[in-house]
Q: 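One structure, pasted below without further comment.
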Amino acid sequence: MSDLRNLNKPQQQAVEVTEGPLLVLAGAGSGKTRVLTHRAAYLIDEKGVKPWNVLCITFTNKAAREMRTRINDMVETGANEVTVSTFHSLCLRILFKHAQLLGYDPRFEICDTADQKAVMKQVCKDLEVDTKRFKERTFINAISNAKNELKSPADYAHEAFGDEWYEQVAKVYDRYQRVLKASNTMDFDDLIMQTVNLFKREKEVLEGYQDRFRYIMVDEYQDTNTAQFELIKLLSAKYRNLCVVGDDDQSIYRFRGANIRNILDFEKFYPEAVTVRLEQNYRSTQNILDAANAVIANNEGRKVKSLWTSEGEGDRLNFRQLESASDEAMFVAEDIRAQVKAGRFKYGDCAILMRTNVQSKEFEDAFRVMGIDYDLVKGLRFWDTKIIKDLTSYMMTVASGMNDMRTARIINVPARGIGAAGIEKIRAYATLHGLSMLQVCHDHVDEVPSLGRTAKKAKEFADMVYSLRERSADMSYSQLLTSIIMDFEYDKQMDADADTPEKYNELKDYVDKLKEALDVYEESTPEPDLVDFMRQNGLEGNNLSSSAGGAVIQRELTPEEEEEQREKKVLIMTMHNAKGLEFPNVYLVGMEDGLFPGFASVFSEDEEDMEEERRLCYVAITRAKERLTMVCAKHRMINGETRYSKTSRFIKEIPIRLMDMKLPDRERGGGGFEPEVPAKVKAIPRRSENVYSNYAKAMKGSQIGVRGELSYGVSDRVRHVKFGEGTVLEIKNGGRDYEVTVEFDSCGVKRMFAGFAKLVKV
DNA sequence: TTTGAGCTAGTCTTG
DNA sequence: CTAGCTCAAA
């Protein structure tokens with residue numbers, strides 16, 4: 001049960017304010033999950049709130065699971081009655097019950113990312129959109145943004161004001177939405193938007209849920225978008241017991257619709273709101289926190305917070321500039337090995353955090369060379385994998401064949417002579433006659449005009465489906481899957497998809513994983529149903545990692561596996577992926593202007609872009625518990641050309657007193673790699689003046705194209721590797737580098753930094 | 001219809 | 001550089 005003595009003062013306050021709106025500004029590592037779980041327990045055990053009146057909303061399944069177990073551990077009775085759910089699965093459950101009111105069949109399916117793409121392709125073709133000019137991907141993003149802003153196709157068209165692009169999006173959006181509805185499907189954004197629509201339209205339904213969820217808590221509130229904000233606003237409108245927990249400094253998902261104003265303006269929306277700040281950090285040393293505080297203090301739009309710990313200063317932060325990207329990786333690998341040898345950290349205590357995924361390659365190579373086990377956390381999700389999508393589509397087609405999206409996906413996988421043109425003809429005939437594509441293939445192929453040879457192939461395919469359907473009556477789902485792979489020769493496809501033996505094994509692992517998931521589902525569900533299985537799992541975003549051994553494991557592990565991983569494996573992941581995690585020994589890599597902060601934010605007019613990047617830096621720094629090392633390279637290959645970069649401005653925002661230029665104590669292990677550092681740097685004792693001068697030297701070494709080094713001036717002719725020849729219009733001293741404006745003969749005026757552009761006078 | 005050569009574009013990413 | 005996709009030849 002909840003014991004408030006385990007909490008610090010602000011934490012206690014956050015737990016005890018149970019009535020009315022409450023904003024908890026929870027800095028990184030300040031124990032917000034603790035507060036949330038204690039709060040749930042306090043409501044139920046102390047305030048006598050019924051468990052089923054409590055709702056906890058999170059963003060990720062992982063967070064929901066964690067919250068669930070912790071609430072179960074803490075709440076004395078009825079913990080299972082507390083609703084702990086992600087936004088999407090909450091909405092899914094609500095829509096499930098009231099789909100008819102919105103004109104959907106209650107057995108609607110979820111359209112995931114891959115399905116979206118297929119639909120969009122179709123839509124663009126139907127509307128004869130020039131996909132060279134307007135990319136499918138861009139439309140999908142635009143539609144997603146529109147839905148996150150609760151804009152209907154009509155709203156969108158209304159706001160287009162004759163702008164060609166917006167007009168185009170409005171048309172595509174409208175068509176896309178019709179296709180989804182016709183196939184009784186909702187995409188992820190629909191789940192939220194349609195629930196909001198439902199609540200706005202059906203007052204009694206809304207009131208039912210308001211009475212059900214009298215106490216609402218929202219985690220990671222800074223990541224909410226407009227639709228989610230609206231949803232919460234509606235749900236909490238009657239009782240106004242809304243507790244939101246978040247950290248505006250950790251808002252790093254603007255690019256996918258998160259609206260930081262939701263948290264910044266919370267007190268404006270709810271004037272009676274109580275605000276609690278959690279600033280005591282239980283994760284990192286004071287030096288790490290000071291660095292994080294110093295960096296984030298450069299942001300304008302934020303609620304001022306300052307993290308502190310009672311645990312002491314700890315080590316200073318390490319910074320090193322290496323020559324190239326591979327040197328950077330080798331340096332990190334060597335440093336990790338030295339730390340492990342010294343007995344200070346285990347491999348599993350170490351994490352490499354990078355800005356972009358492409359940076360991982362060098363580190364993988366370095367770790368492989370040094371024989372260090374690692375895990376690369378990929379953004380790829382299990383249910384989004386081609387093979388899983390194929391196999392589940394097969395299963396659904398064999399089971400019912402009602403969903404043309406799924407049938408179309410696999411009808412020619414592996415290739416069996418039914419090409420795109422043939423599929424279109426079958427689809428057209430099916431829509432015309434209100435049949436499914438599978439029915440057409442089975443019963444009406446000869447009526448489809450000009451199918452030619454394809455007709456026979458399509459019939460054969462349908463016959464196989466029907467034959468397996470009959471035999472499948474007393475098969476388990478996993479047996480059905482095995483039969484599918486045999487009957488439809490899917491192993492041929494696996495061969496085609498895998499160019500290496502490792503890849504092939506990976507695919508086989510996926511098949512086994514799917515079988516396992518099917519078995520588990522079937523055994524634990526009284527009335528197993530494939531649509532239900534798909535719906536549940538479609539929302540589960542298990543991330544995958546791939547490791548040196550080629551084995552594939554899911555990110556969510558059993559405790560034993562997790563323990564093993566902690567011991568043995570260095571983790572490589574993006575900074576975004578690291579949010580919410582913590583590691584004793586952290587490496588921030590690629591700390592270069594143009595990489596982190598990224599290109600776009602450096603050149604952006606919008607100051608907010610740089611601020612978001614800085615928040616990401618804040619998130620990255622605060623992942624470290626004990627030791628933080630930041631590294632960068634003077635040059636690296638980006639998009640096929642060598643790019644020279646200056647040290648990240650974020651490094652320069654960290655006070656020098658927190659930095660340590662000392663080299664790590666490395667035992668010579670015969671790795672054959674000697675970092676390129678002047679010998680005298682190693683010998684210098686750790687005195688601050690010297691630290692400063694080394695620091696300054698390191699900084700200076702990174703200055704490419706400083707004053708006086710430009711070989712050209714205004715109105716000179718210059719050559720650029722990519723853009724060709726042009727005339728220099730303007731040279732501006734941007735402080736750290738020159739900003740050069742050039743009019744290129746072939747592609748017009750471009751503005752660039754001299755250090756990046758490598759312009760040559762001609 | 002299939003396959004492979006050539007072109008293009010290139011943050012981050014939950015459900 | 002390289003992954004992913006389009007288009008042209010077989």
Q: Kindly point out which of dG15(B), dT2(B), dT13(B) is positioned nearest to the side chain of Arg256(A)?
A: dT13(B)

Q: Taking the side chain of Thr356(A) as heavy atoms from C-beta outward, which of dC12(B), dG10(B), dT14(B) is closest to it?
A: dC12(B)

Q: Using a cutoff of under 3.5 Å, can you pull out all pairs of nitrogen or oxygen atoms linking the protein to nucleotides 7-10 of chain C, with atom names and distances?
A:
{"from": "dC7(C)", "atom 1": "OP1", "to": "Lys132(A)", "atom 2": "NZ", "distance (Å)": "3.3"}

Q: Whole angstrom is fine here: how far is it from CZ in Arg416(A) over to C1' in dT1(B)?
A: 14 Å

Q: Which comes earlier along DNA chain B counting from the 5' end, the contact point of Thr86(A) or that of Gly417(A), where each point is its nearest nucleotide?
A: Gly417(A)

Q: Is any side-chain nitrogen or oxygen of Asn577(A) closer than 4.0 Å to OP1 or OP2 of dT13(B)?
A: yes

Q: Nearest whole angstrom, please: distance from the P of dT14(B) to the CZ of Arg254(A).
A: 19 Å

Q: Decide, yes or no, whether a salt bridge links Arg254(A) with Asp606(A) under the criterion of side-chain N to carboxylate O below 4.0 Å.
A: yes

Q: Would you please confirm or rule out a distance under 4.0 Å between OP1 or OP2 of dG15(B) and any side-chain N or O of Thr113(A)?
A: no

Q: Hey, does the side chain of Asn61(A) come within less than 4.0 Å of dG15(B)'s phosphate (OP1/OP2), counting only N and O?
A: yes

Q: Between dC5(C) atom P and Lys121(A) atom NZ, what is the distance in whole Å?
A: 7 Å

Q: For Glu66(A), is there an ion pair with Lys62(A) - N to carboxylate O distance below 4.0 angstrom?
A: no

Q: What's the closest nucleotide to the side chain of His88(A) if the choices are dG15(B), dC5(C), dC12(B)?
A: dG15(B)

Q: Check whether any side-chain heavy atom of Lys147(A) sits under 4.5 Å from a side-chain heavy atom of Asp190(A), and report yes or no.
A: yes

Q: Taking OP1 and OP2 of dT13(B), is either one under 4.0 Å from a side-chain nitrogen or oxygen of Asn141(A)?
A: no

Q: If I take atom CG in residue Leu353(A) and atom P in nucleotide dT11(B), what distance separates them, rounded to the nearest angstrom?
A: 19 Å

Q: For Tyr618(A) and Asn299(A), which I'm curious about, is there any donor-acceptor pair between the side chains at under 3.5 Å?
A: no

Q: Picking from dT2(C), dT13(B), dG15(B), which would you name as closest to the side chain of Lys361(A)?
A: dT2(C)

Q: Side chain of Ala415(A) only, heavy atoms from C-beta on: which candidate in dC1(C), dT13(B), dT2(B) is closest?
A: dT2(B)

Q: Between Asn412(A) and dT2(B), is there a side-chain N or O to OP1/OP2 distance below 4.0 Å?
A: yes

Q: Could you give the CZ-to-P distance, from Arg137(A) to dC5(C), as a whole number of Å?
A: 11 Å

Q: Charged N to carboxylate O below 4.0 Å: is that the case for Arg649(A) and Glu613(A)?
A: no

Q: Are OP1 or OP2 of dT6(C) and a side-chain N or O of Lys135(A) less than 4.0 angstrom apart?
A: no

Q: Base, sugar-phosphate, or nothing: which does Asp112(A) touch, judged by heavy atoms less than 4.0 Å apart?
A: nothing

Q: Taking atom C1' of dT14(B) as reference, at what distance in whole Å does atom CG of Leu90(A) sit?
A: 15 Å

Q: Rounding to an integer number of angstrom, what distance separates dT6(C) and dT11(B) when you compare their C1' atoms?
A: 25 Å

Q: At what distance, to the nearest 0.5 angstrom, does CD of Gln359(A) lie from CG of Leu353(A)?
A: 10.5 Å

Q: Indicate, with a heavy-atom threshold strictly under 4.0 Å, whether Arg355(A) touches base, sugar-phosphate, or nothing.
A: base

Q: Give one of base, sugar-phosphate or nothing for Lys117(A), where a contact means two heavy atoms less than 4.0 Å apart.
A: sugar-phosphate

Q: Looking only at side-chain atoms of Phe255(A), point me to the closest of dT14(B), dT1(B), dC12(B).
A: dC12(B)

Q: Within this structure, what is the CZ-to-P distance between Phe596(A) and dC12(B), rounded to whole angstrom?
A: 13 Å

Q: If the C1' atom of dT14(B) is compared with that of dA3(C), how far apart are they to the nearest Å?
A: 24 Å

Q: Would you tell me whether Thr226(A) and Glu149(A) have side-chain atoms, one donor and one acceptor, within less than 3.5 Å of each other?
A: yes

Q: Could you work out which one of dT1(B), dT11(B), dG15(B) sits closest to the side chain of Thr454(A)?
A: dT1(B)

Q: Taking CG from Leu231(A) and P from dG15(B), how many angstroms apart are they, rounded to a whole number?
A: 17 Å

Q: At under 4.0 Å between heavy atoms, what does Gly419(A) touch on the DNA or RNA strands: base, sugar-phosphate, or nothing?
A: sugar-phosphate

Q: I need the Ile57(A) CD1 to Asp219(A) CG distance, nearest 0.5 Å.
A: 10.5 Å

Q: Distance from Arg409(A) atom CZ to Asn403(A) atom CG, nearest 0.5 Å?
A: 11.5 Å

Q: If we take the C1' atom in both dC5(C) and dC12(B), what is their distance in whole Å?
A: 23 Å

